K.L.:
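Next up is a structure, given as structure tokens.
These numbers come from the heavy atoms of this one structure, side chains and all, not from hydrogens, waters or symmetry mates. Letters A, B, ... are given to chains in the order of the sequence lines, protein chains preceding strands, and every chain is numbered from 1. In this text the structure is predicted, and so the values were computed from the model without any measurement.
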There are 4 protein chains.
Amino acid sequence: MGAKNDDHDDNRYQEEQSARLFVHDLSKIVLPPLGVSTQNHDPWRSRGWIISPLNSKYRCWETFMVILVAYSVWFYPFELAFLAPSHHRGLYLVDVVTDLFFAADILLTFFVAYIDSKTNMIVYDSRRIANRYLSTWFVMDVASTIPYQALYLLFTGRQQVWSCYSLLGLFRFWRLVRVEELFKRLEKNIKFNYFAVRCFRLSCVALFSAHCAACLFFLLAEENHGGKTWIDDFAKYGDETNIWLRYTVAVYWSATTMTTVGYGDLRAENTRERIFITGYMLFNLGLTAYLIGNMTDLVVESARRTMEYRKSIEVASTFVNRNCLPRRLEEQVLAYMSLRFQAERMNQQRFIEELPKSIRRRVCRHLFLPAVQQVYLFKDVSIGTLTSLVSKLRAEYMPPREEVILRKEGPDEVYIIVSGEVEIVSSTTTGGESRLDGLSSGDMFGEAAALCCTPQRFTFRTKVLSQLLRLKTAMLLEAMRINHHDSVTIINNFLRVSITIYISYSANPV
Amino acid sequence: MGAKNDDHDDNRYQEEQSARLFVHDLSKIVLPPLGVSTQNHDPWRSRGWIISPLNSKYRCWETFMVILVAYSVWFYPFELAFLAPSHHRGLYLVDVVTDLFFAADILLTFFVAYIDSKTNMIVYDSRRIANRYLSTWFVMDVASTIPYQALYLLFTGRQQVWSCYSLLGLFRFWRLVRVEELFKRLEKNIKFNYFAVRCFRLSCVALFSAHCAACLFFLLAEENHGGKTWIDDFAKYGDETNIWLRYTVAVYWSATTMTTVGYGDLRAENTRERIFITGYMLFNLGLTAYLIGNMTDLVVESARRTMEYRKSIEVASTFVNRNCLPRRLEEQVLAYMSLRFQAERMNQQRFIEELPKSIRRRVCRHLFLPAVQQVYLFKDVSIGTLTSLVSKLRAEYMPPREEVILRKEGPDEVYIIVSGEVEIVSSTTTGGESRLDGLSSGDMFGEAAALCCTPQRFTFRTKVLSQLLRLKTAMLLEAMRINHHDSVTIINNFLRVSITIYISYSANPV
Amino acid sequence: MGAKNDDHDDNRYQEEQSARLFVHDLSKIVLPPLGVSTQNHDPWRSRGWIISPLNSKYRCWETFMVILVAYSVWFYPFELAFLAPSHHRGLYLVDVVTDLFFAADILLTFFVAYIDSKTNMIVYDSRRIANRYLSTWFVMDVASTIPYQALYLLFTGRQQVWSCYSLLGLFRFWRLVRVEELFKRLEKNIKFNYFAVRCFRLSCVALFSAHCAACLFFLLAEENHGGKTWIDDFAKYGDETNIWLRYTVAVYWSATTMTTVGYGDLRAENTRERIFITGYMLFNLGLTAYLIGNMTDLVVESARRTMEYRKSIEVASTFVNRNCLPRRLEEQVLAYMSLRFQAERMNQQRFIEELPKSIRRRVCRHLFLPAVQQVYLFKDVSIGTLTSLVSKLRAEYMPPREEVILRKEGPDEVYIIVSGEVEIVSSTTTGGESRLDGLSSGDMFGEAAALCCTPQRFTFRTKVLSQLLRLKTAMLLEAMRINHHDSVTIINNFLRVSITIYISYSANPV
Amino acid sequence: MGAKNDDHDDNRYQEEQSARLFVHDLSKIVLPPLGVSTQNHDPWRSRGWIISPLNSKYRCWETFMVILVAYSVWFYPFELAFLAPSHHRGLYLVDVVTDLFFAADILLTFFVAYIDSKTNMIVYDSRRIANRYLSTWFVMDVASTIPYQALYLLFTGRQQVWSCYSLLGLFRFWRLVRVEELFKRLEKNIKFNYFAVRCFRLSCVALFSAHCAACLFFLLAEENHGGKTWIDDFAKYGDETNIWLRYTVAVYWSATTMTTVGYGDLRAENTRERIFITGYMLFNLGLTAYLIGNMTDLVVESARRTMEYRKSIEVASTFVNRNCLPRRLEEQVLAYMSLRFQAERMNQQRFIEELPKSIRRRVCRHLFLPAVQQVYLFKDVSIGTLTSLVSKLRAEYMPPREEVILRKEGPDEVYIIVSGEVEIVSSTTTGGESRLDGLSSGDMFGEAAALCCTPQRFTFRTKVLSQLLRLKTAMLLEAMRINHHDSVTIINNFLRVSITIYISYSANPV
């Protein structure tokens, strides 16, 4: 038995680990199709040479590649446009190292399993992996990795500031799909604020677009041998070789155009520039629409809650005004609606009911058992009976001055007060009402009628905002029938207290 | 008993007060977590030195601070950019007084309880309050309150128009979070029009942003010793020391850029200005998107109702056209749909049913009891029985020429006419129909079949738009069974009238 | 009886009329609050001197006033800015006549009942009407009607192009609230296309805003005595007195600024113009956001249907692909989903069920009675029985090759074929299936099992897209039990045909 | 029987064809109104001279016409503005051929049936077709087809670059409604990505609008005899007859204005140009709003899924934090919610339940039969019984460590493991629990209690993410009652295995 227990503990530890891992990877669950028995129930484990795409080390590599991509696509246009050939040589090394990493990634992809988008299953078969990669992204990945300029230098020995070969380097922008994927993962991660992630992403898109346009626009001016260019007016302002100044001017133009301000101090001076700017402006039209669309989505989402609250209150308010309800009733209706909205917003009770029974039982035990154990009726009752009772409780918030139980009602429910105060009210013979007693946290009411199967003798009304646990009488009786011993305990508890109450009230006939 | 009544009245008064307070603070209810018994059931009361954040005096202080913040963040950039050192001295006093108030607020915060965002409970423990404040906002609050310029003047004796020390004053913008919070509260307050509050908020954001940009842009030109600046072209237009003129020009530029009009008469002339403008334009891209997003949200919301009405009518209209219904039927269908939309919009019946039973009973008594007491059948019936009947009534609107009860139907429901007219129709032997009699406000129908348990003998059809109260026959019989005395009264009432009717119709066989 | 019939016809005619009126005023129904008996059940009738706001003649007057308002607010700024004093004299007359009409409207308002926004009831009490008008819109209405310029001319004898008195005329813009109300009514009218009405409204807002800004901007230049103005550059282009040219330039500037194009050829030249333009630009920011918000709302609405269709098909498509269903099954699933979307879109069956029973019965009789009367089983059955049966029918569309009834199923439903074809299929002993017979429009199936209370002997499967009427067996038997005579007819019909079928199939054992 | 089979196969082939066609035309189903028997149940077949609008050849012709329209409306403005008369002659031929095709299409339309928009039925009656066409689109179609310029040339012999007759050619833009219809069809086709189609459509609208404005603006400059025009500044830059250069400049201006950049280097120089630009700018205001509205719609749609996921997780996360649940429980709750979202997203089970029974039965047989046949209990059971059982199975995904069956529960359900692992857990006497055994893919549990009608003796808990098939016990017993032979087989299977289990566990008392 000891060995078993060890084994059990060991097991439990592993399970804890797997559960933790599981929660950590919430958004990566891979559900197989219906009716298909999958042998690979652990998608996080590698098989032979084939690495799982959910493997945490591979995830790190992917993140590293994204950073490399970000550097690469951001820096390449700048390098192309602004850096004189004399500086280029030093940067070649960095470029080549970057390219080597990308080449390594291409090789690695042949050994990474993939999730079939159709069946949602992980494919570990190396032949299918190769087939898929070769027929889809392989060509683009290779095209974006070849160091065209280096090869040109190698083969011809000549070095050009700008050439068709350099333009081929724009294939690197293909790598942006990886950055896109990273952002999608970030958006699904609830650790990060959704609004912030989306805004950050949109800012990156806008800045990157302005940066690239600035670089390309400057390149156009540089490559324009003879003829007027847009930069000519600025030649007089400073040293032409000052990279920082020139980049600033280019970005200034780019931003002026992208935001459609268009001061007009920088503008196209020849046909090539006009075509480029026309294209950039039309692209910006789409980009601006995209930014606004995203922002609208975020704003609508963030304003939804306030809107719902206002609507729920306004419905009540309109009803009250339309039907000229008296002031007292109006206040009660509004208070009730406001409280209900708050409670609904948290969705607590509904959330509990949506959980599967095993989880629900544990959650209820954690939440309600301490409160239930304090109640006089359940004193000395076995923990087992209480546990089963507890999962049938419903927590409710009640606004002040709300009648929870009405006099002469059937004994359908009993209530336990978790917080707040409840008063017992009885009708006087003159039709008015007299307050008999007050109950507070830890007390129970309605159990007298429930256990005696008689109508309620008093009205129970909250004094302040109260949290009550409601238990159906049938559930209580059912629980008592199952466990005879606990049943006797409960009855004894009840009788002991009710005699006390009888004595205290006997002098005060209702 | 007298003492008791006094006590009772006193009690009632207090309760009225607390209920009123409660309604007044609709959006500030603090719900404790499930199963946790809170001892502090009155979140509006202070405890020793610790003030409740819901305390009305503290609320006033907060509002005052918001006004101070608004003044401070609006005036500081203006002071920094446009006011010559000679004027500064006089303004120091105002600034210092403002800063003293903010310092007082920092001290006060150590004595204000807070609502724990996790558990939603109010924390009164002064140690936890201090811990939380020191670890979150304290540093920023202090940084935004230190009078950097005054200190600089004090320690060095020199006075500068603009310096790094002045820029530190921009920490004051931190205080804007308080204004943000005020706006959020305003948006939740149903006393104010939602559209107006949101528009006002957006206008403030736009104006403030334009104002700050204008001030900073002017500061850039002021501080540019030598070199061309954007303001140079305007030097000739007027007195350079005319603050109003200069501010107007700066705001004109700022608005031109923010709205992306960009005339181009004012534009960046040096690198520093270009960088500033680039930043401002990109910020404006986001701001514009935010404004449009908000406006879209508001427009969608305001157009929703009209849209729903059109849809409900169009469904009916399409149905009618597609199936070529005759003209008479088409009109009835459209009238019914239109009426139903109007009634649904007000949600009155559904709203009543959502209320908890004690409130619902009172609302129904207020609304329906006067109408029910007029009905002949309930003459001399005890108020208790009527009250219980009244909470089971359902109010319904019926379009003109709608058959409420069909001949030969089962006696499931009885109706009371609140407003409008209903006619009794009987089939003639020739298959046509003859109108027997008309009923109007205060009459009842269907009760003959209900009390005799026979099928309906006539068809009842509305003549004009009518409001009817429907009562299930079962409910009526149930109420009669409970109170024997009222039952006899009802039967007597019925027989007395039905004999009259019998006599009047006996000459007119159907 | 004849007199009665005449009366009846007369009555009916009036009712027809009132019903027609009712439908014509769909959006103007006035529902009283719950439980309140209103004596004025005809809100279209006037009372003494007080006219109902729903009165059709008053509606005409209102529409006429809206046209007058449109003319007035459109023409006034133009008159103020562009028309030289020499032309003014002629226009005074038109202005005065317009103002007289508005004065008449102010007087009239004292005699028009109003709908209390709180209780939704029409108020005919002349004192309350006067009170309400005097305390709300009266002041503004009067202020917008006084002919300031004419009075100025009258009292001083002098005539000025532009003065404070002219600016007071801008009170006329107050009248725009009437135009706003007209547009709201148009939007609710389903005779007009919603998209078109909204676009027209937005265009009007944009054009009017551009027009007013152009007029005011020109006024600024006119009134600027000495100093440079924006119009100076254009003085050389043409005759200064050419109104058309000057208006064109002003509108060109206004549109350039409103659309944020901002070429920069026309721009503020002095402080007053800068302030005006700054205000106009900030106003435009809001206007543009409002236009975009409205357009987004319209686009979202118009794209919703396509989106829903795509979603419903994509769910099916994903399901089919994920679970690798065979080709044949895939097609059936997609066909079914597509058909279901089409049918749901029309909402026909659901719409019928939402109608109140009296209307529903008539609609069903109109739609289904002709089809049911053709069925052999109901030959010679009384119209009464058929009518009651018909209202229990459910129309359904079935895609081709769909099994409607499966062999060995219980006899729960019988079907009538309205259009399309159905084939009877029987299993052969070898497990395959053989096609026995085909049914087409006007046939019925499932009735054999229903009447004999045995399981279905054959499978019934559609050949083409079919429309079937489904009738619960219980409903059929219920109808037969009620009317003995019809029951015999139905049984006879059934037996006569089933013997024929028996004979024809007896040679072909299944 | 052979002949019959042939016939049957032939039939089946045809049906397969029609079904395929059916699926291929998903969005073109024509549903007749309720209760109307249509004789034309095959809307794809032509009748005599009248062609069905759904005919595939006619569809091809329509697509060809759309291409012709695209060419025609794109090229015509360009031809009008930029091509000198000397080049015109050659292009006349192309224009005339195009016009001939359009004339042919007008003739053809008289022989194509149409779908009545009111009744949704196809109309084949040639008289009604002609009536409808003549009264609606005929005039516009003819007006857009007449070759005005050719006629002018023919009758007068003169040739003008630009004339009123040329402007009549703008009627050709009427043909754009056909392109609009093509795009609507594309949007409904799920083969194409919705986002891509919408973006492509918006791009086309933007480009076409810019192109037309450029051509018309250039035309204005060309036709301006004397006076300054906007193009004057560019006259110096190059050969005036260089079409490409001039078109580039015009498009550059057009794009600058449309995107509201408005550099100001190209701007209106005379009244006619100002009016044109004003109109273009106001049109662009609407166009931009339309683009942004569309983009917002697309963005909202694409972000919806991520938003829903975040919400469902955040509700769980807030609940867990608010109520301070222990770490272990927190992880379970989050894992469950995440899994549930994934499963709900696929909607698989709900989708199956929405299918009509005949399709559902086939789908279930395809999905679940292989898994069920592996289960020991159903060994040698007839395929008929299994098929009927299989359609009552519900597939469910269970997160790891989830209790599927709790000890002492009633025997309501039995489970079959499709994938994953389940462990059997028993309570030890000390209150802890001991793991008894593990079940994996192809096993079944809960059947012991179900067949013996006793409470469950063990707890069954998943170890990893598992897919289970749930079967109500009642369904199993019902299936066993119907087929006696299979019932015996099942009992035998059960007894054989349970004895084995009994023996293996008998040494290990629980």
K.L.:
Taking the side chain as everything from C-beta on, heavy atoms only, tell me whether B:Leu298 gets closer than 4.5 Å to C:Tyr290.
P.N.:
no
K.L.:
Out of B:Gly264, B:Pro326, B:Ser440, B:Cys364, return the one with the most heavy atom pairs under 4.5 angstrom to chain C.
P.N.:
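The option with the most such pairs is B:Pro326.
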K.L.:
Would you mind reporting whether C:Leu282 and B:Leu207 have side-chain heavy atoms less than 4.5 Å apart?
P.N.:
yes
K.L.:
Side chain, backbone, both or neither: which part of B:Val320 has a non-hydrogen atom closer than 4.5 Å to chain C?
P.N.:
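Looking at B:Val320, nothing touches chain C.
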K.L.:
For C:Arg360 and B:Val333, run side-chain contact (heavy atoms from CB on, under 4.5 Å): C-alpha distance rounded to whole Å, both residues' side-chain angles, the deciding distance at 0.1 Å, then the answer.
P.N.:
CA-CA 9 Å; C:Arg360 186 170 63 225; B:Val333 168; over 6 Å; no
K.L.:
Would you mind reporting whether C:Met281 and B:Thr256 have side-chain heavy atoms less than 4.5 Å apart?
P.N.:
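Side-chain contact under 4.5 Å: yes.
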K.L.:
Working to the nearest 0.5 angstrom, can you tell me the gap between C:Thr278 OG1 and B:Met258 CE?
P.N.:
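So the gap between those two atoms works out to 10.0 Å.
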K.L.:
In Å and rounded to the nearest 0.5 Å, what is the CD1 to OG1 distance from B:Ile292 to C:Thr296?
P.N.:
8.5 Å
K.L.:
Between C:Asn294 and chain B, which part of the residue has a heavy atom less than 4.5 Å away: side chain, backbone, both or neither?
P.N.:
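Both backbone and side chain.
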K.L.:
According to side-chain hydrogen bond (donor to acceptor under 3.5 Å, both in side chains), who are the partners of B:Asp297, at least two apart in sequence or on a separate chain?
P.N.:
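Here the qualifying residues are B:Arg198.
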K.L.:
Less than 4.5 Å apart, any side-chain heavy atom of C:Arg272 and any of B:Thr248?
P.N.:
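No, too far: nothing below the 4.5 Å cut-off.
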K.L.:
Under 3.5 Å, is there a donor-acceptor pair linking the side chains of B:Tyr252 and C:Thr271?
P.N.:
no
K.L.:
Flag the pair B:Lys311 and C:Glu301 as a salt bridge only when some basic side-chain nitrogen lies within less than 4.0 angstrom of an acidic carboxylate oxygen.
P.N.:
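Answer for the salt bridge query: yes.
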K.L.:
Testing the basics here: between B:Asp265 and C:Ala268, what is the closest heavy-atom pair and its distance to 0.1 Å?
P.N.:
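Smallest heavy-atom distance, with atoms named: OD2-O, 4.2 Å.
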K.L.:
Measure the shortest side-chain to side-chain distance between B:Leu291 and C:Leu285 over non-hydrogen atoms and say whether it is less than 4.5 angstrom.
P.N.:
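In contact.
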K.L.:
Measure distances from B:Ala316 to the heavy atoms of chain C and classify the residue's part below 4.5 Å as side chain, backbone, both or neither.
P.N.:
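When you check distances to chain C, atoms from both the backbone and side chain of B:Ala316 fall under 4.5 Å.
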K.L.:
If I measure from the heavy atoms of chain B, does C:Val261 come under 4.5 Å with its side chain, its backbone, both, or neither?
P.N.:
backbone
K.L.:
Take C:Glu187 and B:Met307 through the test side-chain contact (heavy atoms from CB on, under 4.5 Å) and record every step on the way to the result.
P.N.:
CA-CA 9 Å; C:Glu187 277 173 19; B:Met307 196 65 97; over 6 Å; no
K.L.:
Go through the atoms of C:Arg361 and report whether side chain, backbone, both or neither lie under 4.5 Å from a heavy atom of chain B.
P.N.:
side chain
K.L.:
Checking C:Tyr194 against B:Thr306 for the side chain to side chain donor-acceptor pair (under 3.5 Å) test, could you report, in this order, the C-alpha distance in whole Å, the side-chain angles of both residues, the deciding distance, and whether it holds?
P.N.:
CA-CA 10 Å; C:Tyr194 187 60; B:Thr306 304; 5.3 Å; no
K.L.:
Check the pair C:Leu266, B:Tyr263 against side-chain contact (heavy atoms from CB on, under 4.5 Å), reporting the backbone distance first and the verdict last.
P.N.:
CA-CA 8 Å; C:Leu266 294 165; B:Tyr263 286 125; over 6 Å; no
K.L.:
Quick one: what part of C:Tyr280 sits under 4.5 Å from any heavy atom of chain B, side chain, backbone, both or neither?
P.N.:
neither
K.L.:
Hey, are the side chains of B:Thr259 and C:Asn284 touching, using non-hydrogen atoms and a 4.5 Å cut-off?
P.N.:
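A side-chain contact is absent here, since even the closest heavy-atom pair is not under 4.5 Å.
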K.L.:
So which part of C:Leu355 gets closer than 4.5 Å to some heavy atom of chain B, the side chain, the backbone, both or neither?
P.N.:
both
K.L.:
Under the side-chain hydrogen bond (donor to acceptor under 3.5 Å, both in side chains) test, which residues partner B:Glu413, sequence neighbours left out?
P.N.:
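By the side-chain hydrogen bond (donor to acceptor under 3.5 Å, both in side chains) rule, B:Glu413 matches B:Tyr415.
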